[in-house]
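Not measured: the values here are computed from a predicted model. So you know, we letter chains A, B, ... as the sequences are listed, proteins then strands, and number each from 1.
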There are 2 protein chains.
Amino acid sequence: MARPSKPKLSTQSIADTALKLVDAHGEFTLPQLAKELSVSASSLYNHVQGKTEIIELMRGQAMSAISLAHVDSSSWQEAVRQIATSYWESYSKHPKLIPLLTSHTVRDRTALRVYDALAKVLEQAGFNPSSLLHAITIIDSFVLGSALDAAAPSVVWEADEESSHAFKEALNGGLRDPHRSEKSFLIGLKVVLAGLESLLLHHTDDHSVRT
Amino acid sequence: MARPSKPKLSTQSIADTALKLVDAHGEFTLPQLAKELSVSASSLYNHVQGKTEIIELMRGQAMSAISLAHVDSSSWQEAVRQIATSYWESYSKHPKLIPLLTSHTVRDRTALRVYDALAKVLEQAGFNPSSLLHAITIIDSFVLGSALDAAAPSVVWEADEESSHAFKEALNGGLRDPHRSEKSFLIGLKVVLAGLESLLLHHTDDHSVRT
DNA sequence: ACCTGAACACCGTTCAAGT
DNA sequence: ACCTGAACACCGTTCAAGT
């Protein structure tokens, strides 16, 4: 009992174990986590400020998996594709984590690193500052939305009697594909890249968009 | 006390009040909600199965603002653009609601209505069932991700010393635009639509996507 | 049918006490 | 410094009792 000669806990082991619980059940409680670590719930507070900080630790854990080292910059499209894919992949490894992250604001270094990489590539490609920010926002929105889609239960939509024939048929065919979410992401990424290219070609003037 | 001659509650008033709480605080508890409705927490269970159903009701409430009546179907691109925009707008009115929605299956009729409308338009345009589901997923991901972006604080990204020149410059120019998020969404929607068109033209074979 | 209040098994967090 | 166990104010949900 009481203080052991060697600490039983560390932020690392807390983050790992919490992430394991979230991966398995989509949520975690401090008693659960403490039990898994063979410790009492109050002990966690010696290493961590509270549940919120544990969630932040898990975010860092997921983001650290993003590799930017070997980005092929032979073309900006290819570079963006690789960064976005890596980003999506690291989130998709822990899909159930995403809903826990969206309520907070993302602003740590590990995340900024990714946006920096995108900015450099897009600048090189010739995007002006304004278009560059739109492009990053569009990519970010799409990746995040797609990761959320991957996080959703496998039956995202449940059609009922009133549903249209077209929708039901699409669901019947598509929803049993275990890679549906990933395929949609990859196709969508192509779609976005193709569109960004045309944005680059026409953005010399201030793109007037009807609101 | 006990049963009143006229019911004090309805699913409608429960949904309205819960949404008000979420808009204000980003979350809600049953005791809070009950208090706001001048009722005891257990009374809610006469109208609703539990907290989960209340979340679904809020989804319906947000979605019901989407108008599909006057969709201009002169072209499928225009129809999709209108549906997606209306979809984004109604979510953006309740940004704090979005994180609560992401972990549940969509069962609400009002929500399914929107996907039905998209499915019909896309079928008419010539998408086959598989591509159709990808197209809906891509649109949904992008709209949801963009709504999350709109939900974020006005300073979405905070550059630090390590940030690249390109990124900082883009942030300086772009972040003070109060309509940045909406503009990005509208530009991105164009981008997505242009890309979907090329998807439609090439999807006769099963689009092989490298994983 | 619809509201109440008591009750249950939880939860996150605090804190004195131990080494 | 680091763990424990008791304690606190919560939470979602159930249910007998009232009309």
Checklist entry - Under 4.0 Å: is that the gap between some side-chain N or O of Lys8(B) and OP1 or OP2 of dC3(C)? => result no
Checklist outcome for this item: Closest to the side chain of Pro7(A), out of dC2(D), dG5(C), dG12(C), is dC2(D)
Checklist outcome for this item: Taking dT4(D), dC15(D), dC11(C) as options, the one with an atom nearest any side-chain atom of Pro31(A) is dC11(C)
Next on the checklist: Whether Ser43(B) contacts dC3(C) is assessed here as follows: a side-chain N or O lying under 4.0 Å from the phosphate OP1 or OP2. Is that the case?
Outcome noted: no
Item to check | Trp76(A)-Phe127(A) aromatic ring centre distance below 6.0 Å | outcome: yes
Checklist entry - Do Thr29(B) side-chain and dG12(D) base share a donor-acceptor contact under 3.5 Å? => result no
Checklist entry - Start at the 5' end of DNA chain D and walk down; is the nucleotide closest to Leu9(A) or to Ala41(B) reached first? => result Leu9(A)
Item to check | Who pairs with dT14(C) - Watson-Crick or G-U, where each distance is under 3.5 Å | outcome: dA6(D)
Checklist entry - Is there a donor-acceptor pair under 3.5 Å between the side chain of Thr85(A) and the backbone N or O of Arg81(A)? => result yes
Next on the checklist: Expressed as a whole number of angstroms, how long is the span from Lys35(A):NZ to dG5(D):C1'?
Outcome noted: 17 Å
Checklist entry - Does Phe185(B) have Lys190(B) sitting over its ring (NZ/CZ under 6.0 Å from centre, angle to axis within 45°)? => result no
Checklist outcome for this item: Atom OH of Tyr45(A) and atom P of dA7(D) are separated, to the nearest Å, by 19 Å
Next on the checklist: If I take atom CG from residue Leu189(B) and atom CD1 from residue Ile139(B), how far apart are they, to the nearest 0.5 angstrom?
Outcome noted: 8.0 Å
Checklist entry - dA1(C) phosphate, OP1 or OP2: any side-chain N/O from His47(B) under 4.0 angstrom? => result no
